[in-house]
Structure formats: C-alpha cells, structure tokens
Amino acid sequence: MTKLIYYGIDDGERKDILLDTADAFDITKREVKDEELGELLGYLAGLEGYEKAGEGGDPIGEELLVFVDFPSNLLQQFLLELRQKGEVFPHKAAMTETTKDWTFGRLVNHIQRENSVVTSWSELLPVVKESLEKQKQVPTKARQDAIEWTKALRSKGDDLTEGDVREAIRRLKATL
C-alpha cells in the first residue's frame, strides 16, 4: 500500500500539483488536518491495529510529506517529477518502524528540528575547514579549544541541536 501523507500545504496550486502527480503514479493520498496532529502515524497510514485517538494539536507552520511503503525507485521518480514541475518540498520523511508509533505532530517537529541542524551543520563545515587551515599556519590555544569543542558535538548524537552548532560556529569564528 503506497501512500502519501501530507500536511500543511496551504497553497492550492502547489497542493494540486502534488496531488495530480500522486494520481499519475497511482499513489493513495491522505491529508492530515490540524485536529489530527495528535494521531499516531500508524493510524494515519491505515495500518492494522491502530485506532483513532481523537487527539488534536496546535497548528505547525511547516509542510511535511510522509512516504509510506514507497519503493526507492518510485520515490525517486515521484520527487523528480515534482521537481520538474517546479515543486520542491524540503520537509520529507519515510514512515519507519519507530515513527509509526509517533504522533504526527511529534514527527513534524522532529523533521523540522533535524532539518535545522543539518542546515546549520552545512554552514559550520567551511568554518571548521578555515579554522583547521589557520590552526596549521598559526596555532593558538583558543582556536584549538574551539576546534576540540566542535569535534565533541559528534558525541551528542540525537541530542545535537541547532543551538549547539551555532555555538560552534560562534566559537570558531571568534578565533579566526
């Protein structure tokens, strides 16, 4: 059962392109409303054994596409077709064994947080490179401390936040 679960797409033309593309690929669609943010993803996906909890939630100002049972090649083709039509949806997830037991609101917040960390991490990388180069040329204790502090972020795993990455950028830049 290939299913697209989507949330927060308020632009009617954008939504039409998404839904028409899903129809062209014979993909079942399911829109999540604000009053369903407290429902488990497994329920929204129509999985056996999941019941409606009747839980709502506060609106979240993000779009999210969730792919249920999408073979890899179908997912690639679907996203490519959307891109060719000028539509890119930055917040996406595939339903997993873990996330099927999460509320939809939790999933949206998790993906939003994860994307902010990834974005800030990509901003960090050139600063790290510059700091390492400068440290080779003109070593300082302050820069080495900032580099070591930044390296330690890897041990945070899922607890890493955008704030942690921004702090690393701040520390490194202060030593340049």
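Counting heavy atoms from C-beta outward, V32 and I5 have side chains that approach closer than 4.5 Å. Between E39 and F104 there is no side-chain heavy-atom pair separated by less than 4.5 Å. The shortest side-chain heavy-atom distance between L18 and E87 does not fall under the 4.5 Å cut-off. For the pair R14/E63, a side-chain contact is recorded, criterion being any heavy-atom separation below 4.5 Å from C-beta on.
With values rounded to the nearest 0.5 angstrom, Q135 atom CD is found 10.5 Å from L172 atom CG. Going from atom CG of L125 over to atom CD of E130 covers 13.0 Å, rounded to the nearest 0.5 Å. Of the inter-residue distances, the one linking K3 atom NZ with M95 atom CE reads 9.0 Å to the nearest 0.5 angstrom. Taking CG of L132 as the start and CD of Q144 as the end, the distance is 8.5 Å to the nearest 0.5 Å. Interatomic distance, CG of L64 versus CZ of F89, reported as 11.0 Å (0.5 Å rounding). Taking CG of L65 as the start and OH of Y7 as the end, the distance is 13.0 Å to the nearest 0.5 Å.
Shown here for T99 and A94, the closest heavy-atom pair between the two residues is OG1-O, 4.0 Å. Contact between L176 and K134 at its shortest, heavy atoms only, is C-NZ, 3.4 Å.
Without hydrogens or angle criteria, R143 side chain to T175 main chain gives a donor-acceptor distance under 3.5 Å. Between the side chain of T2 and the backbone N or O of D69 there is at least one donor-acceptor pair closer than 3.5 Å. Looking at R106, its side chain never comes within 3.5 Å of a backbone N or O of T103 through a donor-acceptor pair. Using modelled atom types, one side-chain atom of N109 and one backbone atom of G105 make a donor-acceptor pair closer than 3.5 Å.
In summary, D145 and R171 do not engage in a salt bridge, as defined by a charged side-chain N under 4.0 Å from a carboxylate O. For the pair E167 and R170, the salt-bridge criterion is met [side-chain N within less than 4.0 Å of a carboxylate O].
Side-chain atoms of E62 and H91 include a donor-acceptor pair closer than 3.5 Å. In this model, no donor atom of one side chain and acceptor atom of the other lie less than 3.5 Å apart for T119 and S122.
Residues passing the ring pair (Phe, Tyr, Trp, His ring centres under 6.0 Å) test with W102, sequence neighbours excluded: H110.
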Donor-acceptor list for residues 71-78 side chains, cut-off 3.5 Å, not counting sequence neighbours:
none

